[in-house]
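Heads up: the structure comes next, in structure tokens.
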Amino acid sequence: MTLLKLDNLKVHFPIRGGFFRRVVDHVKAVDGVSFELQQGETYGLVGESGSGKSTTGKAVVKLNEVTSGQILFEGRDLASLSRREIKPFRKDIQMIFQDPYSSLNPKKRVLDIIAEPLRNFERLSPSEEKKIVQDFLDKVGLSPESIHKYPHEFSGGQRQRIGIARSLTLKPKLIIADEPVSALDVSVQAQVLNFLQDLQQEFNLTYLFVGHDLGVIRHMCDRMGVMYRGRLVEEGKSEEIYENPQHIYTKRLIAAIPDLEPEVREDKVQLRKKLTSEYESTYSKYFDENGRAYDLKPISSTHRVALQ
Amino acid sequence: MWKFILRRLLVMIPQLFLLSIIVFMMAKAMPGDALSGQEINPRANPAELDRIREELGLNDPWYQQYIRWASNAVQGDFGVSYTHKTPVMDVIEDRLWNTVFLALVTLIFTYMLAIPLGILSGRYNDTWVDKTVTGYSYVGFGTPIFIFALIMLFVFGFALDWFPSGGSVDSKVDEGTFAYVVSKINHLILPALSTALIATTSTIQYLRNEIIDNKIKDFVRTARSKGVPESKVYSRHIMRNSFLPIAAFLGYEITGLIGGAVIIETIFSYPGLGQLFLSSVSLRDFSVVTAIVMMTGFATLLGTLLSDIILSAVDPRIRIE
Amino acid sequence: MKKAILQIENLTTSFRIGNKYHAAVDDVSFTVNENEIVAVVGESGCGKSALALSIMQLHNKQRTKSEGNINYKGQNLLKLNDVQMNKVRGKELGMIFQEPLTALNPLMTIGKQIEENLDYHTELSNAEKKNRTIELLTQVGIPYPERTYKQYPHELSGGMRQRAMISIAIACNPALVIADEPTTALDVTIQAQILDLLKDIQSRTKMGIILITHDLSVVAEVADRIVVMYAGQVVETGSVKEIFNNPLHPYTRSLLNSIPSAANEKNRLHVIEGIVPSIAKMDRIGCRFQDRIPWIPKHAHEETPRLHEVGNGHFVRCTCYKAFYFQAEGDASAHDITKIR
Amino acid sequence: MEMKVETGKNIQVNDVSPSGMKIIWQEIKKDKLAMGSLIILAAILLFVYGASFFMDAKEIAKVDFLSIYMEPSSDYWLGTDYGGRDVFGQLIIGTRNSFTISLFITLFTAIIGLSLGLLAGYFGGATDNVIMRVIDFVIALPQLMFIIVVVTIVPIFNVYVFILIMTMFLWTGKARLIRSKALSERELDYIHASQTLGTPHWKIILFQLLPNVSSLIIVNFILNLAGNIGLESSLTFLGFGLPESTPSLGTLISYARNPDVLENKWWIWVPASLMILVLMLSINFVGQALKRAADARQRRG
Amino acid sequence: ACSNDTEKSSTKEKKGKDVEQVDTSKFPTKTTNQGEPIEGGHLTYGLVSDTPFEGILNKVFYQGEPDNQVITFFDEDLLDTDEDYVYTNEGAASYEISDDHKTVTLTIKDNVNWHDGKPVTGADLEYAYLVMGSKDYKGVRYDEQMALIEGMEEYHEGKADKISGIKVDGKKITFTFKKANPSVTTGLWTYPLHKEYLKDVPIADLESSDKIRKNPIGFGPFKVKKIVQGEAVEFEANKDYYRGEPKLDSVTLKVVNPSIVVKSLENGDLDVAEVLAEQYEQAKELDNVELLGKVELAYTYIGFNFGHYDKEKEENVMDENPKFGDKRLRQAMAYAINNEEVGEKMFKGLRFPANSVITPNFKYNNKDLKPYEYNPEKAKELLDEAGFVDTNNDGIREDADGKEFKINFASMSGSDVSEPLARYYIQQWEQVGLDVELQDGRLHEFNSFYDLLKKDNDKVDIYQAAWGVASDPDPSGIWSRSAEFNYTRWVSEKNDELLAKGISEEAFDDQYRIDTYNEWQELIHEEVPVIPTLFRYQLAGVNERVTGYDYLAGRQYQWHNVGVTK
Ligand SMILES: Nc1ncnc2c1ncn2[C@@H]1O[C@H](COP(=O)(O)OP(=O)(O)OP(=O)(O)O)[C@@H](O)[C@H]1O
Ligand SMILES: Nc1ncnc2c1ncn2[C@@H]1O[C@H](COP(=O)(O)OP(=O)(O)OP(=O)(O)O)[C@@H](O)[C@H]1O
Ligand SMILES: [Mg+2]
Ligand SMILES: [Mg+2]
């Protein structure tokens with residue numbers, strides 16, 4: 001069942017300039033992205049910095065204005081809804097943020113942080129509220145006494161778990177996770193990733209997982225899309241992308257992942273060298289004259305690539 | 001760059017327009033007018049005063065007066081000062097230069113004091129040098145400027161008699177000579193120094209904090225890692241970056257001094273804009289009052305612009321296309 | 001036997017917090033040889049940067065105390081005064097910082113910042129300096145060196161900035177370059193380029209490199225030897241092959257097991273409980289890692305953990321590694337580990 | 001007049017954590033100067049407000065020709081002025097008035113600055129533009145001159161009017177400060193999080209943003225409080241201050257305009273000058289300690 | 001300052017004589033140094049002002065008093081005055097009045113020449129009238145007396161291009177008046193304009209022209225050598241001066257801030273400068289400075305508000321039931337205040353109780369009148385009599401109808417002591433049981449204050465103000481029924497009658513005029529529409545090296561006599 005479908009989504013930010021600071025151009029942060037998320041799966045978005053991954057994610061939760069295109073959530077187009085109309089959907093779509101430090105209000109106690117969404121949507125007595133919050137804390141592996149603490153009393157991983165607990169309280173169907181572990185140390189990162197997987201099973205969640213660490217994405221995601229300059233250049237099952245990358249950008253991306261086996265390092269250097277020259281020689285195969293990637297074309301039932 | 005300046009100048013037009021209306025209405029709202037000073041002169045003829053009022057248009061509704069005034073002002077004609085019986089611009093001109101000189105010299109003194117002290121205090125923070133400088137700047141912060149200026153006047157103007165106690169120049173020297181310039185400067189030193197000694201304290205603290213902030217920046221560490229000697233680390237890296245915000249304040253600072261000259265000019269009987277403003281307010285010489293406020297307002301706007309330009313000149317990160 | 005460039009012996013660096021000194025680098029020793037990359041790895045806060053800055057003597061002298069011996073060309077760097085040290089810094093030892101944007105002076109052109117290095121260590125004329133700078137920029141793979149020479153840091157992309165940073169560090173052909181997380185702020189693709197570049201330069205100049213990172217895969221990619229640090233101490237050290245094939249210290253093993261990668265795809269990742277203790281609160285007696293592996297019995301730890309040589313230049317701190325098994329593996333793996341031993 | 005506190009510089013306040021009060025208190029305890037200042041300040045204020053409660057303002061304002069310019073004595077602890085009025089009494093009431101004025105000006109400017117700054121910073125865009133243009137405009141006004149003209153215009157001139165007039169011109173610095181802080185704060189994810197959680201804007205501003213700019217406000221508030229104490233003295237000096245019937249520290253100090261007083265009758269102006277100095281400094285020291293408490297980097301130890 | 005405000009008004013101060021009644025021996029009026037002036041002497045004159053002078057260096061145009069002080073060094077009126085401010089024939093011109101008192105003829109002496117060597121002629125004086133009467137003239141010097149000259153009004157209204165009542169014949173000039181008015185002997189305009197020099201400049205532009213501001217030409221003892229705008233003027237001796245060569249070679253006039261006058265006198269920066277009351281005590285102590293004093297042409301008073309000015313009818317109208325209708329109330333208020341003490345203590349003896357509204361420098365001052373002396377008992381008695389008694393025992397008297405009686409007192413800010421003075425009066429009235437409050441709780445700045453009076457603001461019940469008086473003793477300008485400046489709005493038939501008598505043709509007889517004004521002053525004294533409070537001394541500090549300086553009122557044209565001995 002399709003839970004979320006992005007159809008030719010575009011998010012352009014104006015660049016002002018000229019004499020009267022008129023809009024002279026646009027940053028095409030997201031420029032015609034389409035993909036679907038099935039209920040219960042984890043879909044990964046990778047790409048280099050500035051490729052529009054976060055912007056896509058934020059557009060879904062309406063943190064960004066959508067320039068054009070559709071965001072169909074259970075068949076309703078979120079992009080066309082007003083602020084008021086979107087409110088009921090807020091329950092269903094939640095976001096986990098990258099920075100566990102800035103995403104929790106340092107002046108609020110854990111109770112207030114986690115209960116904030118509850119207070120917006122439900123009328124609960126303080127004791128009910130407290131109980132729910134403690135339940136969720138328990139789920140993410142924090143002690144119930146934590147409700148009276150402040151964020152700075154927790155480590156990065158714990159904070160991230162508080163953020164996750166907050167996003168779970170409304171029992172959302174879809175969670176947008178924007179690089180939820182990239183600010184964390186490896187050891188802590190593992191903890192959070194494990195949790196995300198456990199929770200997915202427990203609540204039957206669907207994740208849109210944004211990240212730049214291909215190892216993490218591969219570990220987490222069933223399917224993934226590779227973004228490059230606001231466009232998807234390749235999409236498919238994780239194995240397909242990793243084992244059989246088709247787009248030159250995807251190839252380079254994968255070749256750049258450092259390998260844990262010291263023995264193969266020479267080969268990888270050679271591979272990268274080879275890809276660089278391949279990139280130069282086959283550029284027009286992948287990008288049109290404006291340097292824009294072509295539209296996706298299916299090469300198998302699950303695998304799509306942006307080729308001429 | 002030119003586009004930017006031009007745009008900013010354009011933006012000033014509505015601001016100046018609004019300012020002019022406010023200024024004009026406020027001037028008119030002050031009780032009395034330029035002729036009321038004559039109303040205690042038993043020989044003055046009230047009917048005659050009314051005739052003059054009528055003739056000067058003082059009896060018209062304010063908006064008519066405003067339109068008349070504004071349309072002339074646009075062409076640089078701010079009318080005639082009633083008290084001085086001469087075009088306002090003539091009255092203001094001399095005083096303006098005096099005030100500008102005073103402001104410049106004050107600025108020079110301020111920076112002459114602030115820069116070395118700020119650097120010392122920032123570089124050797126938490127040492128006795130820093131504590132002394134900081135102590136000084138706190139005392140400066142808590143001292144009302146006019147009391148300080150009065151004391152300076154009495155000590156250096158009279159008790160020691162090192163400096164003249166009023167005016168802008170010695171009447172005996174002739175314009176254009178070297179002695180004239182010396183005399184002008186001699187008259188400026190005391191008021192400028194008095195202001196500088198007090199006003200400098202905020203700059204000192206500012207500079208000190210900047211230096212302390214910059215000292216621990218990564219690029220300073222990079223410089224050290226290159227083997228740059230400590231003195232050069234300061235002069236080439238820390239100081240340049242610390243002066244940045246100060247340079248940016250220059251524009252504001254000048255206009256602040258011009259606008260705030262009222263007190264110091266009063267104390268040192270220095271014939272500048274501030275003093276002219278005060279006397280024009282009490283004599284209800286509206287044309288002068290409005291002109292001065294408009295000019296100072298304009299100067300402030302220009303100062304802001306200047307600050308932005310300076311900033312973009314010294315800081316490559318803020319490039320104005 | 002390779003020629004040793006830098007020998008660090010029993011280096012301890014302490015910071016003053018309040019009125020007490022606390023060691024952030026605790027009795028660290030290792031050697032860097034010519035044409036060798038030594039990687040220092042560990043979690044955030046374990047003292048990697050403190051170590052690097054101690055070598056360069058860039059700590060604030062009022063609040064920091066360094067003891068031990070950093071032997072460079074027969075002199076102990078810790079004993080040098082500022083003037084002598086300035087002759088070494090930049091010329092003999094270069095440093096690359098993590099955040100290239102903040103590590104470059106925003107008000108100076110790239111060219112000037114590189115030239116500054118030459119100013120103090122060479123006798124070159126202005127024109128020669130400029131030539132050398134352009135040459136350096138070309139060397140680090142900057143496409144338009146002439147233009148970049150005149151640009152300011154903010155006008156460059158992250159990767160370009162890091163290249164500029166590298167050219168500053170290698171400007172005087174130093175014998176040793178310390179790179180403190182040179183790629184953490186960069187994308188994977190750029191990271192690969194920078195790492196390739198470092199290796200490339202090394203192959204030409206034969207310099208030694210201390211590469212500081214928290215990313216083990218980066219280490220696997222480039223390093224010759226590894227120094228694993230935990231809470232200020234070296235917990236394990238050895239050649240890359242040794243460590244990756246035969247990790248012994250529970251900390252090293254945990255790190256390797258917590259990396260999501262193709263190898264442990266879809267499996268649950270290993271989680272190291274707790275965090276690195278902050279230096280002021282650190283327990284100075286006993287094994288510092290013991291709190292994070294509570295299931296290992298107390299007696300398995302040494303009272304004053306030492307580095308034990310397990311052969312082949314491979315050292316491990318504390319004896320607890322002998323008893324270590326992953327919790328999920330249960331006792332069975334404990335057996336395994338003994339087998340490895 | 002140009003007041004020296006408004007450094008314009010953003011006081012970089014990292015998150016003062018919730019146990020902020022505790023940190024502040026610790027910071028003050030650690031800093032002997034701040035602690036001493038706090039004690040002195042409290043003592044002065046308690047004494048001044050307490051004493052002025054019992055003092056007969058009318059009696060102090062009473063002109064007495066038999067005791068003009070008396071030197072300090074046991075009858076008149078700080079002598080008398082040219083109206084034969086007791087300087088000590090005026091000093092007490094003046095300190096009270098000056099402090100009250102400063103407090104209210106600071107309070108009102110803070111309220112205005114806070115509301116506009118938060119609105120501009122949170123919403124950004126057009127709202128920000130409009131508010132910033134207004135601020136630019138007010139800043140461009142030659143303040144001292146405007147104040148002088150306004151003082152001449154107002155038919156009634158007393159403490160309240162004075163406070164309002166000063167507030168009219170002094171709120172801009174705060175608004176800018178708060179705005180820039182709010183502007184950077186709203187880019188932080190906790191604000192985004194609240195938005196995605198369906199929290200309405202006004203709640204976000206009041207309950208998320210406000211607490212996070214509060215430490216900035218408090219520090220700025222204290223420093224402003226110090227700066228505003230001397231505010232009215234220069235106006236009084238120029239003859240546009242409060243009437244003598246409302247003595248302030250400025251009134252006493254500006255008697256020194258008369259060179260005879262300046263030179264020979266120190267008891268009239270020196271105590272008031274010292275009082276300003278002491279008040280400003282002690283408030284300032286406390287403020288500095290707060291600032292350190294608020295800024296983790298500068299915290300002592 | 002208060003005193004400055006009144007100085008502004010005194011347009012033409014002429015000679016006066018000592019007033020017997022007042023102990024002016026308190027201060028010498030002349031320098032005591034009898035030494036021989038040295039050759040090539042130089043003197044520095046301090047023009048005391050807290051603002052620069054405007055630099056309109058001509059009596060026809062100037063506005064601020066500082067400019068007037070500059071003018072006296074280089075320019076003069078044609079007629080000199082005696083001690084009673086009456087014209088004499090000793091000045092640059094002599095005058096004659098016809099038998100019908102309607103024609104005045106001035107004859108300018110032969111050796112009176114402008115600084116450029118051109119003779120001063122009747123046409124120059126006529127030109128002054130032509131300028132002041134012109135439509136283009138924006139100054140305030142065109143007064144009622146000028147309007148009495150035949151043909152002047154026609155000229156002023158633009159109906160004639162000459163003034164028919166002024167005839168010029170070389171150095172002679174004749175004025176014909178429509179009506180005889182004794183004021184011509186004290187208040188005739190005799191200040192000429194250098195027609196040759198100025199005629200090319202359109203009248204409208206004269207006041208701003210360089211010929212008036214930068215290179216003024218007069219016929220006084222000194223020539224203007226150089227002007228530092230607003231700050232200082234350098235003068236050099238006019239060797240050709242008609243009264244003889246000045247004893248000084250040069251004079252520097254410079255503006256000094258009131259606050260530093262004494263200091264500047266002390267260290268010899270200034271030779272002559274006015275000393276303000278606030279600094280009297282300090283100035284007294286100076287060894288190198290002699291203090292000269294004179295009684296100023298001004299008085300301070302407390303006025304009652306009786307009514308309003310009717311713009312239509314152009315006359316003052318008293319209200320039906322004025323608050324201060326009962327003169328016993330007014331007298332009581334006069335008795336209740338102790339001006340003696342104010343003068344002694346607050347002004348350190350530089351002010352003294354006023355007996356009348358004509359200043360004691362005039363022979364017209366009624367010497368028989370005594371100031372209302374301080375007598376609170378008497379005041380209470382009068383109040384009781386008038387029915388102002390305290391009916392509810394709160395210490396405050398209610399009015400005759402038993403209603404609450406509150407008095408609003410307006411006073412002007414300016415000098416340091418303004419506020420304590422106002423408070424002092426209030427305290428004293430309180431002592432006799434009157435509830436007086438300072439209006440709006442504060443003093444009013446000069447303009448606001450007169451704005452209140454002019455508009456007959458009902459909030460003002462009584463006010464304290466000062467008048468500077470001119471050399472012409474006629475008080476009509478501020479006392480007559482039609483005078484807009486009659487701020488009390490007090491009118492009475494008797495008053496009208498006496499004022500008219502004072503300027504009738506009979507009044508050319510001096511004794512008649514004295515009697516008339518004595519009677520008028522008695523009326524005022526009895527009716528108390530105002531309480532005259534204080535007369536003032538004006539002080540000058542003069543360095544002991546200065547000789548020949550005379551500070552007395554009428555002696556303003558004396559700079560040629562002044563020299564220095566060191
Ligand atoms: N509010 C905004 N206004 C203008 N441009 C924006 C805005 N937000 C994002 N952009 C631009 O849009 C592009 C895509 O940004 P986005 O944050 O989506 O990238 P990303 O893929 O998430 O990168 P990263 O890995 O660094 O988070 C970038 O070029 C960015 O500069
Ligand atoms: N100047 C200093 N004063 C006091 N303590 C410090 C100072 N610098 C570092 N520390 C402390 O020393 C310990 C080691 O810090 P260091 O910066 O070396 O860690 P790191 O391993 O480089 O971490 P990261 O990966 O985050 O860079 C930390 O606990 C840190 O808090
Ligand atoms: Mg992103
Ligand atoms: Mg580090």
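Throughout, a chain's letter reflects where its sequence line sits, starting with A, and its residues are numbered from 1. Note that the structure is a prediction, hence the values are computed from the model and not measured.
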Can you tell me if [atom1] on [X] sees more than 12 non-hydrogen neighbours from other groups inside 6.0 Å?
X        : atom1 : value
C:Lys199 : NZ    : yes
C:Lys206 : NZ    : yes
A:Gln201 : CD    : no

Heavy-atom distances under 4.5 Å only: say whether [X] touches chain C with side chain, backbone, both or neither.
X        : result
A:Leu253 : both
A:Gln158 : neither
A:Asp185 : side chain

message: Is it the case that the side chain of C:Glu221 and the backbone of A:Asp259 share a donor-acceptor pair, with hydrogens and angles ignored and the cut-off at 3.5 Å?
response: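 Present.
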- prompt: Which atoms of C:Glu43 come close to chain A, meaning under 4.5 Å heavy atom to heavy atom: side chain ones, backbone ones, both, or neither?
  reply: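 Both backbone and side chain.
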query: So what's closer than 4.5 Å to chain A heavy atoms on C:Ser254: side chain, backbone, both or neither?
result: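 For C:Ser254, no heavy atom lies under 4.5 Å from chain A.
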Rounded distance (nearest 0.5 Å) linking atom CD of C:Gln191 with atom NE2 of A:His212: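 Reported to 0.5 Å precision, the distance equals 8.5 Å.
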message: side chain to side chain contact (heavy atoms under 4.5 Å, CB included), that's the test. Do C:Val271 and A:Asn194 meet it? Break it down for me.
response: CA-CA 9 Å; C:Val271 173; A:Asn194 287 346; 3.3 Å; yes
Heavy-atom pair with the smallest gap, counting every atom of C:Ser217 and A:Pro258: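 Heavy-atom minimum between the residues: O-CB, 3.4 Å.
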message: Taking the side chain as everything from C-beta on, heavy atoms only, tell me whether C:Thr189 gets closer than 4.5 Å to A:Glu48.
response: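 The answer is yes, as the side chains (C-beta and beyond) meet within the 4.5 Å cut-off.
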Non-hydrogen side-chain atoms of A:Gln189 and C:Pro260 separated by less than 4.5 Å: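 SC-SC contact between A:Gln189 and C:Pro260 confirmed.
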query: Top residue by heavy-atom pair count (under 4.5 Å) with chain C, among A:Asp198, A:Val188, A:Ile257, A:Asp213?
result: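 With the most close heavy-atom pairs to chain C, the winner is A:Asp198.
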- prompt: Applying a criterion of heavy atom separation less than 4.5 Å, what residues of residues 262-276 of chain A form contacts with chain C?
  reply: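 Those residues of residues 262-276 of chain A which have a heavy atom under 4.5 Å from chain C are A:Pro262, A:Glu263, A:Arg265, A:Lys268, A:Val269, A:Arg272.
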message: Applying the side chain to side chain contact (heavy atoms under 4.5 Å, CB included) criterion to C:Val188, which one of A:Ile254, A:Val46, A:Leu214 satisfies it?
response: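 When A:Ile254, A:Val46, A:Leu214 are each tested with C:Val188, the side chain to side chain contact (heavy atoms under 4.5 Å, CB included) holds only for A:Leu214.
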message: Heavy-atom pairs under 4.5 Å with chain A - which of C:Ile190, C:Val222, C:Leu186 has more of them than the others?
response: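 Heavy-atom pairs under 4.5 Å are most numerous for C:Val222.
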